[in-house]
Amino acid sequence: MNSYKLLALITHNFRLAWAYKLNFVTRYLGMIVSVLLFFFLDQLLRQSGTGKVEGGTYFTFLLIGGAFSRYLELSSHAFSANLREEMLRGTIEPLLVTATPTTLALLGPSSWMLIEGTLLVIIQLVVGAVVGADFSQANWLTALLILGVSLTSLLSYGIFSAAFVIVFKRGDPINWFVNSVAYVFSGVFFPITLLPPWLRIISYALPFTYALRALRGALMRGEGVRQLWPDLLVLAGFTAVLLPVSFWFMRYAIHYLKETGELTHY
Amino acid sequence: MNPETPVIEVSHLYKTYGTGKQQVDAVRDVSFRVYPGELFGLFGPNGAGKSTIVRILTTLLLPTRGKAWVNGYDVVQDPLAVRASIGLVTADERSFYGRLSVTQNLQFYAAMQNVPRRLIRERIEYVLQLFGLTEKANTPVQMLSSGQKQRLNMARALLHDPQVLFLDEPTRSMDVQTADFVRGLIRDELADKQKKTIVFISHELHEMENFCHRVTILANGRIRTSGTPAELAARLPRRALYRVVITGDIPRIVSAWHTLAGVESVAEVSAGTAASAFDIALADDSSAAWLEVLKVVQAHNGRLETWRRADDESLRRIVAHFSRSDVP
């Protein structure tokens with residue numbers, strides 16, 4: 001029954017996204033523009049004689065980093081953004097009074113955003129390949145596996161973020177953390193080897209660093225699970241800890257919501 | 001279900017919001033039962049605790065103390081089973097996805113309410129027809145009027161054919177004719193014909209009059225009284241209300257009325273150049289008190305033009321009486 005509902009949630013949220021057509025189209029256009037930005041940044045570096053990073057072109061490096069950051073932003077932001085929209089629109093109460101488990105009712109409306117995020121990442125990589133990114137050695141199967149494991153880990157941040165929105169309405173520290181700290185320290189736009197060793201400690205404490213490093217390994221150097229298992233193991237470890245904790249926090253937030261009656265407050 | 005088995009049972013329910021100086025006791029020791037097929041009215045002024053009780057019964061809120069069951073399911077222990085068997089209509093007409101059509105909105109909620117895929121179309125057609133919205137099936141919800149959105153709100157609550165309906169001021173945004181149509185539908189179709197159990201909340205007295213089978217009146221989070229409208233009327237202190245039209249020295253007659261022990265109140269209904277109309281409430285229904293009133297008119301050279309009994313056993317008086325803090 002829950003898979004039937006999940007499908008209904010995806011269809012419903014696709015319809016909602018499509019109902020705002022200009023916004024829908026500009027998301028895809030924005031993604032293409034960012035590919036061009038990475039391309040010309042790469043051209044600039046090539047002119048100064050530095051175009052190679054981690055065994056590939058800087059363009060490919062940036063393209064993967066940019067695609068992953070979109071994923072990062074979406075997965076951490078999707079739940080809370082959707083939840084807040086439902087609260088403001090007044091649709092959260094009718095949804096919570098349906099025979100749908102509360103957690104699914106609160107998080108499910110973001111399912112389309114996550115699917116679209118994956119679609120945007122794939123399109124970004126394809127457009128990048130057309131423009132000149134080098135995926136000649138890419139191990140796509142391993143890359144897909146890494147994306148799957150990364151998403152599971154990233155979702156916990158999204159669940160934390162949604163729980164914060166339920167309790168505090170605004171001022172979500174998780175989004176701040178992902179949008180600032182993670183961007184700088186996980187190697188989205190530059191290799192973390194450029195950071196001073198003492199700052200690199202922060203990088204190693206972030207799951208995004210491992211996800212991105214593994215993804216680049218698979219797509220730029222064609223590495224498989226045999227080479228990337230340490231990163232995958234760390235990612236799985238983060239997931240094993242963060243996911244249950246985030247669900248516990250979500251349950252607390254739901255309890256708080258029902259205790260205080262702040263469902264319709266925003 | 002056994003007619004004696006309550007569909008809704010509330011036992012010593014309490015709900016407190018906030019702590020310390022911010023603490024508000026919204027519901028205090030409330031107990032009641034609602035039986036199958038009953039149209040049960042929860043009535044009270046704003047802040048009486050009506051909506052809080054409904055939010056607890058629909059699992060949107062946790063009680064501070066006490067227990068409540070809907071369709072035999074504990075609202076705290078088994079919220080999913082409770083929600084599967086109820087429909088909620090609130091006065092919030094904006095609770096839809098405005099850009100999506102009426103049908104798209106209902107398709108979504110039908111799936112969320114476990115309506116099997118093969119039945120969704122049939123159920124949507126039925127509820128739209130019931131509330132006169134068939135022609136609006138493909139219209140974006142944001143294009144509907146307030147009254148149409150409120151009817152859609154009711155249609156949504158019936159999608160999964162729930163046994164119990166909670167209607168929290170469902171006619172608030174409707175014009176008089178539509179509200180009458182919807183009330184008729186609730187009483188005749190849903191309560192009398194389909195035998196659904198309905199909890200109807202309102203602070204508009206005329207909505208409850210000649211409508212609910214049983215009414216519970218709340219004030220300050222407590223139940224003040226409960227019963228059929230006729231039972232409640234019978235519990236009112238006996239008094240007699242007369243509407244009289246008199247001529248003569250009216251100011252003196254009225255002052256003399258006020259001095260009579262048996263007269264509870266005198267209210268001017270209309271004042272004319274020759275005759276004036278008054279409502280006179282007598283503390284008891286004895287003929288002696290009424291005769292005293294008549295004697296006063298005669299004594300001041302007045303004349304009683306017309307008179308009639310205008311006893312007020314309306315819910316307005318019932319609520320006014322039982323909401324008073326000095327009434328035990």
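Remember, it's a predicted structure, so these values are computed and weren't measured experimentally. Throughout, protein chains are lettered first and strands after them, A, B, ... in sequence-line order, and every chain is numbered starting at 1.
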Practice problem: Evaluate the side-chain contact (heavy atoms from CB on, under 4.5 Å) criterion for residues B:K15 and A:E259: first the C-alpha distance (whole Å), next the side-chain angles of each, then the deciding distance (0.1 Å), finally the verdict. | Solution: CA-CA 9 Å; B:K15 180 65 191 177; A:E259 191 75 52; 4.1 Å; yes
Quiz item: Given the rule in the side-chain contact (heavy atoms from CB on, under 4.5 Å) test, do B:V76 and A:K258 qualify, once you have shown the distances and angles that lead to the verdict?
Solution: CA-CA 10 Å; B:V76 176; A:K258 292 191 170 190; over 6 Å; no
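Across all their heavy atoms, A:A8 and B:A111 have their closest contact at CB-CB, 3.4 Å. Nearest heavy-atom pair across B:L80 and A:P101 is CD1-N, 3.6 Å. The two atoms that bring B:R117 and A:L7 nearest to each other are NH1-CD2, 4.1 Å, heavy atoms only.
Looking at heavy atoms from C-beta onward, B:M112 lies in side-chain contact with A:L95 at the 4.5 angstrom threshold. The shortest side-chain heavy-atom distance between B:Y109 and A:T91 falls under the 4.5 Å cut-off. The side-chain heavy atoms of B:L88 and A:P94, taken from C-beta on, include no pair separated by under 4.5 Å. Residues B:Q113 and A:K5 have side chains not in contact (no heavy-atom distance under 4.5 Å, counting atoms from C-beta outward). Using a 4.5 Å cut-off on side-chain heavy atoms (C-beta onward), B:T58 and A:E93 make no contact.
Here CG of B:L61 is found 9.0 Å from CG of A:L257. Values are rounded to the nearest 0.5 Å. How far OG1 of A:T100 is from CG of B:N114: 6.5 Å, rounded to the nearest 0.5 Å.
In this structure, the portions of B:Y97 lying under 4.5 Å from any heavy atom of chain A include both its backbone and its side chain. Residue B:S85 does not touch chain A at all, counting heavy-atom pairs closer than 4.5 Å. A:T102 touches chain B through backbone and side chain together, each having a heavy atom under 4.5 Å away.
The interface of residues 118-140 of chain B with chain A, defined by heavy-atom distances below 4.5 Å, comprises B:I120. Residues of residues 148-160 of chain B lying under 4.5 angstrom from chain A, judged on non-hydrogen atoms, are B:R156 in numerical order. Residues of residues 100-108 of chain B lying under 4.5 angstrom from chain A, judged on non-hydrogen atoms, are B:L100, B:Q104, B:Q107, B:F108 in numerical order. Residues of residues 14-32 of chain A lying under 4.5 angstrom from chain B, judged on non-hydrogen atoms, are A:R15, A:L16, A:A19, A:Y20 in numerical order.
Of the listed residues A:G108, A:G90, A:A105, the one with more heavy-atom pairs under 4.5 angstrom with chain B than any other is A:G90. Here A:V97 is the residue among A:L9, A:L104, A:V97 with the most heavy-atom pairs under 4.5 Å with chain B.
In the displayed structure, A:F238 atom CZ is contacted under 6.0 Å by more than 12 heavy atoms of other residues, nucleotides or ligands.
Of the possible polar contacts, none joining the A:R89 side chain to the B:F96 backbone as a donor-acceptor pair under 3.5 Å is found.
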